[in-house]
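Data block below; observations after.
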Amino acid sequence: MAMAALRREGRRIAAPIISPRPINPLRSSIVPSEDQSFLGVRSVSTQIVRNRMKSVKNIQKITKAMKMVAASKLRAIQSKTENSRGLWQPFTALLGDLPSVDVKKTVVVTISSDKGLCGGINSTSVKVSRGLKKLNSGPDKESKYVIVGEKAKAQLVRDSKNDIELALTELQKNPLNYTQVAVLADDILKNVEYDALRIVYNKFQSVVSFIPSVSTILSPEIVERESEAGGQLGELDSYEVEGAETKSEVLQNLTEFQFSCVMFNAVLENACSEQGARMSAMDSSSRNAGEMLDRLTLTYNRTRQATITTELIEIISGASALEG
């Protein structure tokens with residue numbers, strides 16, 4: 001009887017040794033309530049790592065989906081871009097492209113995207129535009145901005161708000177076509193006074209390559225002045241104008257048509273470069289997410305293994321204390 005009573009007392013004394021540890025109130029918001037009865041304090045780190053792994057997986061799924069969407073849009077717009085290059089080349093052969101012409105009123109037309117996550121194409125366009133404005137500014141010169149796209153507007157409005165003549169956004173909300181861009185070009189010509197329009201855009205080369213480019217459109221008065229002075233535009237006088245239109249009227253029509261064609265090609269080139277840059281950016285993001293997921297998985301496995309080992313050591317220690 002005495003031995004039986006002693007055994008019962010031993011069970012009562014040993015019971016708290018192998019029972020779960022008291023729960024820390026600070027971890028109640030991290031570990032679910034159903035897990036708090038058997039998880040130790042070390043399980044907080046594994047739960048945080050598990051949540052982080054889940055968020056990284058979700059980000060990786062999003063970046064892969066965005067890459068596929070950009071690839072489909074790139075295929076649709078690339079053929080249009082290549083075909084549009086034949087529109088402005090005859091005008092360049094006739095009216096030339098004179099980036100170094102000296103004029104008093106310069107308007108820098110900066111073409112950018114409305115959405116981000118496409119690498120550094122917008123920052124490159126803004127940087128080139130700022131350089132052109134600085135080169136064409138002076139005591140007797142005036143330089144202004146016309147912005148196409150939300151991203152260039154957000155950057156240039158910080159330090160050049162008073163120099164922005166016109167800002168147009170949401171151009172790519174609908175599929176791009178010549179009629180849409182021609183209306184845009186007509187709005188620019190009606191609202192802006194200029195001697196030279198310098199269009200800044202990114203010319204598409206490949207999925208991973210684009211070239212910042214500048215196209216110069218001169219006003220009819222400057223074209224006539226340059227043709228009379230000879231040089232590259234001196235051959236204009238060799239053409240005969242048929243009909244009742246004068247030479248100035250013909251030059252007016254030609255420069256307006258040239259501007260709409262160059263704008264159409266520039267918008268398409270920039271949109272194509274945008275999708276290619278977005279593909280590259282999303283591909284890099286997916287790879288980075290995969291590498292981070294591998295590191296988190298390794299950390300999770302090591303932490304979980306350390307927790308299990310610690311629990312086993314405590315159980316064995318408790319059993320040894322009972323036997324002793």
Side-chain angles (χ1 to χ4, degrees), residues 55-89 92 97 99 108-132 147-156 169-178 180-181 198-216 261-296:
S55 65
V56 172
K57 285 181 181 178
N58 293 335
I59 292 174
Q60 189 179 39
K61 290 179 182 178
I62 293 172
T63 54
K64 286 182 178 179
M66 292 182 67
K67 178 185 175 183
M68 294 176 64
V69 172
S72 63
K73 290 183 178 180
L74 177 61
R75 284 192 295 269
I77 203 172
Q78 187 173 358
S79 59
K80 285 185 179 180
T81 303
E82 294 173 352
N83 293 333
S84 69
R85 292 172 181 171
L87 289 175
W88 59 268
Q89 291 173 353
T92 302
D97 188 348
V108 180
V109 183
T110 306
I111 299 178
S112 65
S113 64
D114 291 318
K115 298 179 181 179
L117 300 177
C118 53
I121 64 170
N122 297 316
S123 299
T124 303
S125 297
V126 170
K127 189 180 297 183
V128 174
S129 300
R130 285 172 175 162
L132 285 174
I147 302 173
V148 180
E150 186 64 36
K151 292 302 176 180
K153 177 183 175 183
Q155 295 186 44
L156 291 173
T169 58
E170 297 185 358
L171 179 63
Q172 301 180 28
K173 192 173 182 179
N174 299 317
L176 293 171
N177 53 58
Y178 178 77
Q180 180 184 5
V181 178
R198 304 187 188 276
I199 306 172
V200 181
Y201 62 98
N202 294 283
K203 188 175 182 180
F204 179 77
Q205 294 292 317
S206 65
V207 176
V208 295
S209 175
F210 56 90
I211 300 176
S213 303
V214 180
S215 295
T216 303
C261 292
V262 173
M263 275 290 294
F264 180 57
N265 173 253
V267 168
L268 288 176
E269 294 276 2
N270 198 81
C272 207
S273 300
E274 175 192 351
Q275 300 303 331
R278 183 170 287 115
M279 280 183 60
S280 300
M282 293 302 102
D283 183 59
S284 299
S285 299
S286 299
R287 289 199 304 269
N288 293 337
E291 293 175 359
M292 183 180 294
L293 191 60
D294 293 339
R295 292 195 298 269
L296 288 172

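The chain is numbered in sequence order, starting from 1.
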Going by distance alone, is a donor N or O of one side chain under 3.5 Å from an acceptor N or O of the other, for S285 and T63?
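The answer is no; no qualifying pair exists.
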
If I take atom [atom1] from residue [X] and atom [atom2] from residue [Y], how far apart are they, to the nearest 0.5 angstrom?
X	Y	atom1	atom2	result
R85	N83	CZ	CG	10.0 Å
I111	N122	CD1	CG	11.5 Å
R287	M282	CZ	CE	11.5 Å
I199	N270	CD1	CG	11.5 Å
I147	S125	CD1	OG	11.5 Å

Heavy-atom closest contact ([X] atom, [Y] atom, distance):
X	Y	result
T169	G149	CG2-C, 4.0 Å
A277	I121	CB-CG2, 3.9 Å
Q155	S123	NE2-OG, 3.8 Å
M279	K67	CG-O, 3.9 Å
A281	G119	CB-N, 4.2 Å
K151	G116	CE-N, 3.3 Å

Taking side chain as C-beta onward, heavy atoms only, is [X] less than 4.5 Å from [Y]?
X	Y	answer
S215	R198	no
K64	D283	no
M66	I62	yes
F204	L268	no
V267	Y201	no
V109	V200	no
L171	Q180	yes

For R278, is there an ion pair with E274 - N to carboxylate O distance below 4.0 angstrom?
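So E274 pairs with R278 through a salt bridge.
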
Can you list every pair that meets side chain to side chain donor-acceptor pair (under 3.5 Å) and has a residue in residues 72-81, with sequence neighbours left out?
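Checked against side chain to side chain donor-acceptor pair (under 3.5 Å) - neighbours excluded - no pair reaches residues 72-81.
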
Under the side-chain contact (heavy atoms from CB on, under 4.5 Å) rule, what do N202 and S213 come out as? Steps first, then yes or no, please.
CA-CA 6 Å; N202 294 283; S213 303; over 6 Å; no

Listed once per pair and sorted, the salt bridge (Lys or Arg N to Asp or Glu O under 4.0 Å) pairs that draw on residues 113-130, sequence neighbours left out
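Counting only pairs at least two positions apart or across chains, the salt bridge (Lys or Arg N to Asp or Glu O under 4.0 Å) contacts touching residues 113-130 are R130-D159.
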
Take S112 and V148 through the side-chain contact (heavy atoms from CB on, under 4.5 Å) test and state the conclusion after the steps.
CA-CA 6 Å; S112 65; V148 180; over 6 Å; no

is_close_aromatic(Y178, F264), centroid dist under 6.0 Å
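Here the rings of F264 and Y178 have centres that are less than 6.0 Å from each other.
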
Can you name the side-chain contact (heavy atoms from CB on, under 4.5 Å) partners of L293, sequence neighbours left out?
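Expected list: M53, V56, K57, Q60, T297.
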
Side-chain donor/acceptor of N265 to backbone N/O of L87, under 3.5 Å
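Checked: no pair found.
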
Quick one: does any side-chain atom of N288 pair with a main-chain N or O of S284 as donor and acceptor, under 3.5 Å?
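Indeed, once roles are kept as given, a pair shorter than 3.5 Å links the two residues.
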
